[in-house]
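Everything numeric in this text was worked out from a predicted model, so none of it was measured. Indexing begins at 1, ligand by ligand and atom by atom, following the structure's order.
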Amino acid sequence: MNISQTPEQTRALIAPLRGQRIALVPTMGCLHAGHISLIRKAKSLADVVIVSIYVNPLQFGENEDFNQYPRTFEKDADICKNEGVDIIFHPENLYPDNGAKVTLKVSDLSNILCGISRPSHFDGVVTVVNMLFNIIQPNIAIFGEKDWQQLAIIRRMVSDLHMPIEIIGSEIIRETDGLAMSSRNRYLSPSERQQSLALSQVMHLMKNNSQQGEKTSETIKYGIENLNNYNISLDYLEIRNELTLKPEHSITPESRIFIAVKVGKTRLIDNISLKMESEITS
Ligand code: PAF
């Protein structure tokens with residue numbers, strides 16, 4: 001496994017591999033089982049797997065956790081090596097010293113859900129993902145479905161900017177008690193860890209309670225009532241179409257619940273499909 005720290009080194013390492021199918025797994029490090037499943041998916045779909053590890057300052061808001069975000073490079077590198085990753089791209093900084101003057105801006109899909117409380121977040125994400133795509137020029141790139149809105153926006157970027165890259169979503173990996181894996185879970189105190197079960201539990205209650213054709217407002221009301229049993233602060237609980245991200249007024253097989261909460265100081269997000277198990281084909 002090679003580790004590169006600059007775009008130039010990365011390009012030089014990739015040059016002899018062109019012609020093979022190259023997969024990129026973009027990450028901010030602090031790798032967990034969710035990332036491992038992305039790497040395994042990449043390995044099953046491509047000849048060469050590149051993992052990028054970069055805590056991107058541009059996607060953090062002023063009062064967010066950029067400085068605190070866990071950096072565990074040595075452990076991450078061991079995981080990548082064990083998983084058979086070919087190259088880790090681990091740049092120190094991808095922006096000019098005086099800050100980025102050219103960035104990408106997302107309209108439409110970024111002014112809903114997480115975009116409301118994190119107004120410049122998705123601009124930062126697409127700017128860095130665009131850079132990574134330019135440096136690595138992968139054939140495919142794998143992203144986790146926990147960040148469903150991010151995945152939708154990246155798909156839109158690739159389509160609107162005519163990038164020849166296939167974007168693959170990979171299913172959410174959960175702890176045995178249902179909490180979606182996230183690098184931010186390590187911020188949670190034991191009691192907050194317990195409270196964080198609210199997300200998956202309430203979404204499952206909503207799913208069990210909902211029926212096709214039912215008004216989504218009823219299901220959301222039911223979810224919010226149940227959330228009141230947990231001591232957490234709700235950012236949003238919504239049901240939207242999983243392809244267009246437009247609000248759904250009644251439940252259909254394309255409906256998906258999206259939730260964001262704050263448990264203590266930690267922001268957690270999650271989502272599940274409202275498709276009944278019998279409708280899930282893959
Ligand atoms: O999902 C993440 O970890 C980040 O948003 C990404 C895609 C690596 C961009 O920094």
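Between R21 and D47, none of the side-chain N atoms (NZ, or NE/NH1/NH2) sits under 4.0 Å from a carboxylate O, so this pair counts as no salt bridge. With respect to R174 and D270, a salt bridge is recorded, a charged nitrogen being found less than 4.0 Å from a carboxylate O.
Checked by distance only, ligand 1 and Q59 come closer than 3.5 Å through their nitrogen or oxygen atoms. Considering backbone and side-chain N/O atoms, Q150 comes within less than 3.5 Å of an N/O atom of ligand 1.
Considering CG of N226 and NZ of K221, their distance stands at 11.5 Å, rounded to 0.5 Å.
Between F133 and F143, the ring planes are perpendicular. Angles over 60° get that label, and only those under 30° would be called parallel.
Listed for the T127 side chain is no donor-acceptor partner under 3.5 Å among the backbone atoms of T103.
Under 4.0 angstrom from ligand 1, there are no non-hydrogen atoms of I154.
A cation-pi arrangement, defined by a distance under 6.0 Å to the six-membered ring centre and an angle within 45 degrees of its axis, is present between R71 and F66.
Annotation for ligand 1: atoms under 4.0 Å from non-hydrogen atoms of P26 are 8 (C). Ligand-side atoms of ligand 1 in range of V128: 9 (C), 10 (O), range being under 4.0 angstrom from any heavy atom. The distance from ligand 1 to the heavy atoms of T27 drops below 4.0 Å at these ligand atoms: 8 (C).
Nearest to atom 3 (O) of ligand 1 among the protein's heavy atoms is M28 CG, 3.6 Å.
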